[in-house]
Amino acid sequence: MKKFFVIAFTLVVLSFTQDLFAQRRGYSSSASSDSPQNLIKINPLSLFTTTGSVFYEHVLSENTSMVLNLQYTLPRKARIFGTDILGENGKLNRFAVAPEFRYYPSGTAPTGFYVGPFARYVNFSAKGDITKEINGEQRTIHGKLTQQTFSLGCVIGGQWLFGDHISLDAYIGPYFSLGHLSVTQDLTEDDYNVPASINFPVWFRTGLTVGYAF
């Protein structure tokens, strides 16, 4: 993850530097009246966590665009930051949606350096059986943990087109989260072994996407 963080940051810096030179020289190689207005992209690295992450970007003007990101994690072992929160049989899945507004200072949207404020909603749920002593008796309870998180943040990034249709996009930036955690009746957060760091309010969002522009 640290190597990916460095790669994404490097690509963003290179994109920003490229735009500065283009503006000083009075042109941009990407500026064209027939530039693509729509892009469909995926984050291939998310597949390693059984997560599908799809982006749709629509150009609004020379400087702006809107992006919608949808994510869905297929049911898998209920592990958070290396901690099994529901024992061996626990399963989790996750859904997220994140609208984003992008501003391209170079006026060459959808290519070049950009700043992207965004909002995100995440619904995370985990299910599994937990054995617990209640009123002196051992009982097996089908536990369910649900967390809903709302976030606001801002990324900086760079996007390139190769040929007429292939896109590459890298971004990185902080976001601030506020979440609500709920658990099954007769159980507490301690029964799930939930790490305290799950409620940390400040995180970083980073990604690398490839896509098709049209």
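Note that the structure is predicted; figures quoted are calculated from it, not measured.
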- Item | side chain to side chain contact (heavy atoms under 4.5 Å, CB included) between L39 and F55, worked out | CA-CA 8 Å; L39 299 94; F55 297 75; over 6 Å; no
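The CG atom of D169 sits 4.0 Å away from the OG1 atom of T209 when rounded to the nearest 0.5 Å. In this structure, OH in Y171 is found 13.5 Å from SG in C154, a value given to the nearest 0.5 Å. Rounded to the nearest 0.5 angstrom, N123 CG and T73 OG1 are separated by 11.0 Å. With rounding to the nearest 0.5 Å, the separation of OH in Y56 from OG in S65 is 10.5 Å. Annotation: the span from L168 atom CG to L208 atom CG amounts to 5.5 Å, rounded to 0.5 Å. Separating the OG1 atom in T149 from the CZ atom in R94 is a distance of 9.0 Å, to the nearest 0.5 Å.
Within the cation-pi definition used here (under 6.0 Å to the ring centroid, within 45° of the axis), R205 qualifies as a partner of F118.
Qualifying side chain to side chain contact (heavy atoms under 4.5 Å, CB included) partners for F214, counting only residues two or more places apart in sequence or in other chains: N38, I40, Y212. Residues that satisfy the side chain to side chain contact (heavy atoms under 4.5 Å, CB included) test with V59, not counting sequence neighbours, are Q37, A109, P110. Legend: residues meeting side chain to side chain contact (heavy atoms under 4.5 Å, CB included) with V97, ordered by chain and number and at least two apart, are L68, L70, F95, Y121. Legend: residues meeting side chain to side chain contact (heavy atoms under 4.5 Å, CB included) with T49, ordered by chain and number and at least two apart, are T51.
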List the atom pairs, with distances to 0.1 Å, where a side-chain N or O of residues 172-180 and a protein N or O form a donor-acceptor pair under 3.5 Å, not counting sequence neighbours.
unit_1: Y175; atom_1: OH; unit_2: R120; atom_2: NH2; d: 2.9
unit_1: S177; atom_1: OG; unit_2: S151; atom_2: OG; d: 2.6

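T111 and Q159 share no donor-acceptor pair across their side chains, judged by distance under 3.5 Å alone. Side chains of S53 and N69: a donor on one and an acceptor on the other come within 3.5 Å. No hydrogens or angles considered: nothing links the side chains of Y114 and N63 as a donor-acceptor pair under 3.5 Å.
Across S125 and K144, no two heavy atoms sit closer than the pair CB-CE, 4.5 Å.
Linking ILVMFWY residues whenever their side-chain heavy atoms come closer than 4.5 Å, directly or via other members, places I166 and V210 in the same cluster. Tracing side-chain contacts under 4.5 Å through hydrophobic residues (I, L, V, M, F, W, Y), one never reaches F113 starting from L161; they form parts of separate clusters. Under the 4.5 Å side-chain heavy-atom criterion for ILVMFWY residues, no single connected hydrophobic cluster contains both F48 and L74.
Counting heavy atoms from C-beta on, the side chains of K91 and K127 never come closer than 4.5 Å. The shortest distance between side-chain heavy atoms of R102 and T64 does not fall below 4.5 Å. Side-chain contact between K41 and S167 is present, with heavy atoms from C-beta onward closer than 4.5 Å.
Residue V122 shares its hydrophobic cluster (ILVMFWY side chains chained together at separations under 4.5 Å) with no other residue.
The 12-atom threshold is exceeded at CZ of F162, counting heavy atoms of other residues, nucleotides or ligands nearer than 6.0 Å. Remark: Q148 CD is packed, more than 12 non-hydrogen atoms of other residues, nucleotides or ligands lying under 6.0 Å away.
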